[in-house]
Amino acid sequence: MTADIKKQLELLKRGTIEIFNEVELAEKLTESAGANKPLRIKLGLDPTSPDIHLGHTVVLRKMRQFQDLGHKAVLIIGDYTARIGDPTGQNTTRPMLTSEQIEKNAKTYLEQAGKILDTSAHKLEVRHNSEWFEKLTLMEMIQIAAKKTVAQMLQRDSFKLRLENDIDVYTHEFLYPLMQGYDSVVIKSDVELGGTDQTFNNLVGRDIQRGYGQKPQVVITMPILVGLDGKEKMSKSKGNYIGVTDQPNDMFGKIMSISDDMMENYFTLLTDFAGEKIAELVNPNKTHPKEAKILLGKTIVAQFYGDQAAQLAAAEFDNIFAKGQLPDEMPEIKLTAEPVMASKLLMSCGLVPSGSEAKRMVKQGGVSVNGSKISDPNEQITPKDGMVIQVGKRKFAKIKIK
RNA sequence: GGGUCGGUGCCCGAGAGGCCAAAGGGGAUGGGCUGUAAACCCAUUGGCGUAAGCCUACGUUGGUUCGACUCCAACCCGGCCCA
């Protein structure tokens, strides 16, 4: 192995959980370099939700590294699979999507993924799996299914656990891994990326590829990013996520709210800092945790909005939360100068969802008007131009008389 | 198909005719402490109403009752056991 390949390998290993397997990856890299032929790096996207968050970017960033090393990203939009429903069978609320919705989601998804990936034509290929699955015959599907045994399928934890706990496993669920594996065959993937939750599916791809006489893909799994709550994986439905379209101030604020012990994880998975540097940053004896977190926030915001926006977001944060000042911008609410009850006022400003909630907030001392707390929800307030209403620490509204 | 158990607020879960907007926990939110970190402490956690109070809610639809989350019937959905 040449020194260059060694270096590449080291970079690519960073932040991964497992590589199946490293020797094959080194071979593929060497071959690719020798033949001057880019590797095809596969990533399957689930177009059931239009927004992507930092959790998705962990894998996308790994993909970007491959691109930067000259390889080709092949994104597969699972439009066919998405139409069937939820593969885990656990999420019963997930609605079946129409092809229009899927297409719309896929489009937004790609736009957002473009913030991480290199989208130039020779570095990125986007495919929809309906392209081949719509034409697939039952006989062909059976042949695919014949590549794996039931016992092999049952190795998958989520199947095994559900069987043990008498939770339904539907027959069609066996088809998903097979179909994903067939995707790899069609696009001739060299490497497939995915979260650890996809390990099984992606490994099935290796077997299916072998069954079709292809050299099996290398499977690289990335950690699942923990959400803001520090417990569960980052996901939209849990509300513990940072969206890539979140505004700089929000994004920064959310990062500041993560707990200290999550910083190392976020630094490793979401930034390019070297390992030693990160070790220094997360060591409270060397760096004040708050300073480290500010750096983390700035770095991440800068990835999406540039350095200047990141600086501004950090400054704004400092103003509001450290110095207790007002934000530069807040929603402006047009009202007439008629006196209204405080609870009604909060409603009109959109600061609370209901009158009862407004009363609660006032009683709990969470509401201030022009900086001074109010204590009576029934107090009459006459709106004035420029009057600032604050609820809790982060909800503001400014009144404009019409 | 038969038997059996169950479906309660954001989630889990207690309640078994009035004292139930429904214990307890989790989560969330507000306040305190801080670095909008964690931990911790206090409080709040259906809607409307200044208030007294009213309305809506315990799978669905009907019924019994002065009164039903609690009893009855049918139906829908789920678990388990048997076939």
Side-chain angles (χ1 to χ4, degrees), chain A residues 89-93 161-170 226-242 246-267 281-298 300-301 313-327 330 338-348 350-369 371-381 389-396:
Chain A
Q90 289 161 344
N91 187 346
T92 49
T93 56
L161 285 174
R162 280 193 284 157
L163 281 176
E164 280 166 10
N165 295 305
D166 295 318
I167 299 170
D168 286 336
V169 176
Y170 286 88
V226 176
L228 297 171
D229 55 16
K231 290 179 198 130
E232 302 201 72
K233 75 170 189 176
M234 184 174 282
S235 89
K236 191 174 184 185
S237 57
K238 299 220 167 64
N240 61 359
Y241 70 105
I242 303 179
D246 279 0
Q247 288 307 295
N249 288 346
D250 272 346
M251 202 181 260
F252 189 86
K254 284 181 182 176
I255 294 163
M256 291 306 284
S257 78
I258 67 168
S259 81
D260 289 358
D261 43 17
M262 289 163 66
M263 272 201 289
E264 181 167 9
N265 191 251
Y266 274 43
F267 266 120
L281 287 168
V282 298
N283 181 343
N285 295 324
K286 297 200 168 152
T287 316
H288 190 288
K290 194 192 177 191
E291 293 308 315
K293 217 177 281 172
I294 289 173
L295 179 63
L296 177 68
K298 278 187 191 168
I300 291 172
V301 172
E316 172 92 346
F317 179 88
D318 188 56
N319 275 337
I320 299 172
F321 298 108
K323 301 195 181 114
Q325 295 174 350
L326 294 173
M330 41 191 136
E338 306 284 316
V340 285
M341 244 191 308
S343 58
K344 298 277 182 209
L345 183 66
L346 297 185
M347 290 264 276
S348 340
L351 294 167
V352 290
S354 72
S356 307
E357 176 74 7
K359 283 177 209 170
R360 253 175 250 138
M361 285 301 143
V362 174
K363 280 184 195 148
Q364 291 176 126
V367 177
S368 64
V369 174
S372 50
K373 271 188 188 173
I374 60 172
S375 52
D376 177 10
N378 299 326
E379 183 180 336
Q380 295 285 318
I381 295 177
I389 320 284
Q390 179 175 5
V391 176
K393 281 176 190 143
R394 52 193 118 169
K395 281 184 283 188
F396 298 88

Handout entry: Nucleotide B:C11, atom P - distance to CG of A:N240 in whole Å
Key = 17 Å
Practice task
Give one of base, sugar-phosphate or nothing for A:I320, where a contact means two heavy atoms less than 4.0 Å apart.
Solution key: nothing
Completion exercise
Whichever of A:P353 and A:M263 has the more 5' nearest nucleotide on RNA chain B, that residue is A:M263
Exercise for the section: Give A:K395 one of three labels, base, sugar-phosphate or nothing, depending on what nucleic acid heavy atoms sit under 4.0 Å from its own. Expected result: nothing
Handout entry: Pairwise C1' distance for B:U4 and B:A14, with rounding to whole Å
Key = 23 Å
Handout entry: Nucleotide B:G30, atom P - distance to CG of A:L351 in whole Å
Key = 12 Å
Problem - Minimum-distance nucleotide (side-chain atoms of A:A322 versus B:U36, B:C48, B:A38) - result: B:U36
Exercise for the section: Using the closest heavy atom to pick a nucleotide of RNA chain B for each, name whichever of A:V391 or A:S356 lands nearer the 5' end. Expected result: A:V391
Practice task
May I ask you to verify if any side-chain N or O of A:R360 is less than 4.0 angstrom from the OP1 or OP2 atom of B:G46?
Solution key: no
Practice task
Please tell me which of the listed nucleotides, B:A43, B:U36, B:G49, lies nearest to the side chain of A:K359?
Solution key: B:G49
Handout entry: Phosphate contact (B:G49 OP1 or OP2) by A:K344 side-chain N/O below 4.0 Å
Key = yes
Handout entry: Any donor-acceptor N/O pair, A:N240 side chain to A:S235 backbone, under 3.5 Å
Key = yes
Exercise for the section: Quick one: label A:K363 by what it contacts on the DNA or RNA (base, sugar-phosphate, nothing), any heavy atom closer than 4.0 Å. Expected result: nothing
Practice task
Please identify each residue that fulfils side-chain contact (heavy atoms from CB on, under 4.5 Å) with A:V226, with sequence neighbours left out.
Solution key: A:M262
Exercise for the section: May I ask you to say what A:D260 touches in the nucleic acid, namely base, sugar-phosphate or nothing, with a heavy-atom cut-off under 4.0 Å? Expected result: base
Practice task
Name the nucleic acid region contacted by A:G230, choosing base, sugar-phosphate or nothing; use a 4.0 angstrom heavy-atom cut-off, strictly under.
Solution key: nothing
Problem - Candidate nucleotides B:U29, B:A37, B:C48, ranked by approach to the side chain of A:M361 - the nearest - result: B:U29
Handout entry: Between B:C10 and B:G63 - P atom distance, rounded Å
Key = 28 Å
Handout entry: Non-hydrogen atoms of A:M251 and A:I242 that approach each other most closely
Key = CG-CG2, 3.6 Å
Problem - Polar pair under 3.5 Å, donor/acceptor by atom type, side chain A:K373, base B:G31 - result: no
Problem - Gap between atoms CZ and C1', on A:R394 and B:U29 respectively (whole Å) - result: 9 Å
Practice task
Check whether any side-chain N or O of A:Q325 sits under 3.5 Å from a backbone N or O of A:P327 as a donor-acceptor pair, and report yes or no.
Solution key: no
Practice task
Pick base, sugar-phosphate or nothing for A:K231, based on heavy-atom distances below 4.0 Å to the nucleic acid.
Solution key: sugar-phosphate
Practice task
With heavy atoms under 4.0 Å as the rule, sort A:M341 into base, sugar-phosphate or nothing.
Solution key: sugar-phosphate
Practice task
Look at the side-chain N and O atoms of A:S354 and state whether any lies under 4.0 Å from the OP1 or OP2 oxygen of B:G47.
Solution key: yes
Practice task
Tell which nucleotide pairs with B:A74, taking only Watson-Crick or G-U wobble pairs whose two distances are both under 3.5 angstrom.
Solution key: B:U60
Tabulate below the donor-acceptor pairs under 3.5 Å that side-chain atoms of residues 284-295 of chain A make, not counting sequence neighbours, or state none.
residue : atom : partner : partner atom : Å
A:T287  : OG1  : A:E280  : O            : 2.9
A:H288  : ND1  : A:K290  : N            : 2.9
A:K293  : NZ   : A:I258  : O            : 2.7
A:K293  : NZ   : A:D260  : OD1          : 2.9

Fill in the blank from the handout: Separation of B:U50 atom P from A:D376 atom CG, nearest Å, is 12 Å
